Chemist: 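Here it is, the structure, as structure tokens.
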Amino acid sequence: QVQLVESGGGLVQVGGSLRLSCAASGRTSNLYGMGWFRQAPGKDREFVAHIRWLGGHTDYSDSVKGRFVISRDNAKNMGYLQMNSLKPEDTAVYLCAATRAGWGAGRWDFWGQGTQVTVSS
């Protein structure tokens, strides 16, 4: 099992920045990747970004590309999401996820509880 705990959410003004962290613990040695998702009230969960645990290949949704940066520190079992140029539509609960399967499997095995990000205009 892998446990994920997010932190770093909060209230920020339009155009501001936040850095989310995801602390992974447990059996992290065979993780394939880590991802960030978000869910706004009344909306479906949305993919934000993911990163290969080894190698660091990244991918982003079109809505955040060029503004958000996903990264990880394998030695510390940490994942990060640097969010810049924030917009009101970025307001959501942000969730960290991890998988032992490749991207083609389309599944996420472990989820954190989420951290609230609110962007005020």
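Remember, it's a predicted structure, so these values are computed and weren't measured experimentally.
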Chemist: Only counting residues at least two apart or in another chain, list the ones meeting side chain to side chain contact (heavy atoms under 4.5 Å, CB included) with S121.
Modeler: V14, P88

Chemist: Could you pull out all donor-acceptor pairs under 3.5 Å where a side-chain atom in residues 64-72 meets a protein atom, sequence neighbours excluded?
Modeler:
| unit_1 | atom_1 | unit_2 | atom_2 | d |
| --- | --- | --- | --- | --- |
| K65 | NZ | D62 | OD1 | 3.4 |
| R67 | NH1 | S85 | O | 2.9 |
| R67 | NH1 | D90 | OD2 | 2.7 |
| R67 | NH2 | S63 | O | 2.9 |
| R67 | NH2 | D90 | OD1 | 3.0 |
| R67 | NH2 | D90 | OD2 | 3.4 |
| R72 | NE | R52 | O | 3.3 |
| R72 | NE | W53 | O | 3.1 |
| R72 | NE | N74 | OD1 | 3.2 |
| R72 | NH2 | W53 | O | 3.4 |

Chemist: Please set out all donor-acceptor pairs under 3.5 angstrom arising from side-chain atoms of residues 16-25, sequence neighbours excluded.
Modeler:
| unit_1 | atom_1 | unit_2 | atom_2 | d |
| --- | --- | --- | --- | --- |
| S17 | OG | N84 | OD1 | 3.0 |
| S25 | OG | Q3 | OE1 | 3.4 |

Chemist: Distance-only, no hydrogens or angles: does the E6 side chain make a donor-acceptor pair with backbone N or O of T115 under 3.5 Å?
Modeler: no

Chemist: Below 4.5 Å, heavy atoms only, C-beta onward: do R100 and L31 meet side chain to side chain?
Modeler: yes

Chemist: Determine whether more than 12 heavy atoms belonging to other residues, nucleotides or ligands lie under 6.0 Å from atom CZ of R45.
Modeler: yes

Chemist: Is Q13 atom CD crowded by more than 12 heavy atoms from other residues, nucleotides or ligands, each under 6.0 Å away?
Modeler: no

Chemist: What pairs of residues pass the disulfide (SG to SG under 2.5 Å) test when at least one of them lies in residues 26-85, not counting sequence neighbours?
Modeler: none

Chemist: Hey, mind stepping through V119 and K87 against side chain to side chain contact (heavy atoms under 4.5 Å, CB included) and telling me if it holds?
Modeler: CA-CA 6 Å; V119 184; K87 305 175 182 179; 5.6 Å; no

Chemist: Specify the closest pair of heavy atoms between A49 and Y60, including all atoms of both residues, with the distance to one decimal.
Modeler: CB-CD2, 3.5 Å

Chemist: What about W108 and V93, same hydrophobic cluster or not, with Ile/Leu/Val/Met/Phe/Trp/Tyr joined at side-chain heavy-atom distances under 4.5 Å?
Modeler: yes

Chemist: If you group Ile, Leu, Val, Met, Phe, Trp and Tyr whenever their side-chain heavy atoms sit less than 4.5 Å apart, what else falls in with M78?
Modeler: Y80

Chemist: Enumerate the residue pairs fulfilling salt bridge (charged side-chain N to carboxylate O under 4.0 Å, His left out) with a member in residues 106-121, sequence neighbours excluded, ordered by first and then second residue.
Modeler: R107-D109

Chemist: Taking a hydrophobic cluster as the set of Ile, Leu, Val, Met, Phe, Trp and Tyr residues connected by side-chain heavy atoms closer than 4.5 Å, whether directly or through intermediates, do V12 and V48 fall within one such cluster?
Modeler: yes

Chemist: Side chain to side chain donor-acceptor pair (under 3.5 Å) with D44: which residues, sequence neighbours excluded?
Modeler: none

Chemist: Going by the rule side chain to side chain donor-acceptor pair (under 3.5 Å), which residues pair with T118 if we only count those two or more places apart in sequence or in a different chain?
Modeler: Q116

Chemist: So, using ring-ring contact (aromatic ring centres under 6.0 Å, His included) as the criterion, who are the partners of F47 when residues are at least two apart?
Modeler: F37, H50

Chemist: How close do W103 and M34 get, heavy atom to heavy atom, and via which atoms?
Modeler: CH2-N, 4.2 Å

Chemist: To the nearest 0.5 Å, what is the distance between CG on L95 and CH2 on W111?
Modeler: 6.5 Å

Chemist: To the nearest 0.5 Å, what is the distance between CG (L86) and CD (E89)?
Modeler: 10.0 Å

Chemist: Identify the two heavy atoms, one from L11 and one from S120, that lie closest to each other, and give their separation to 0.1 Å.
Modeler: CD1-CB, 4.1 Å

Chemist: Which residue pairs pass the salt bridge (charged side-chain N to carboxylate O under 4.0 Å, His left out) test when at least one of the two sits in residues 111-121, sequence neighbours left out?
Modeler: none

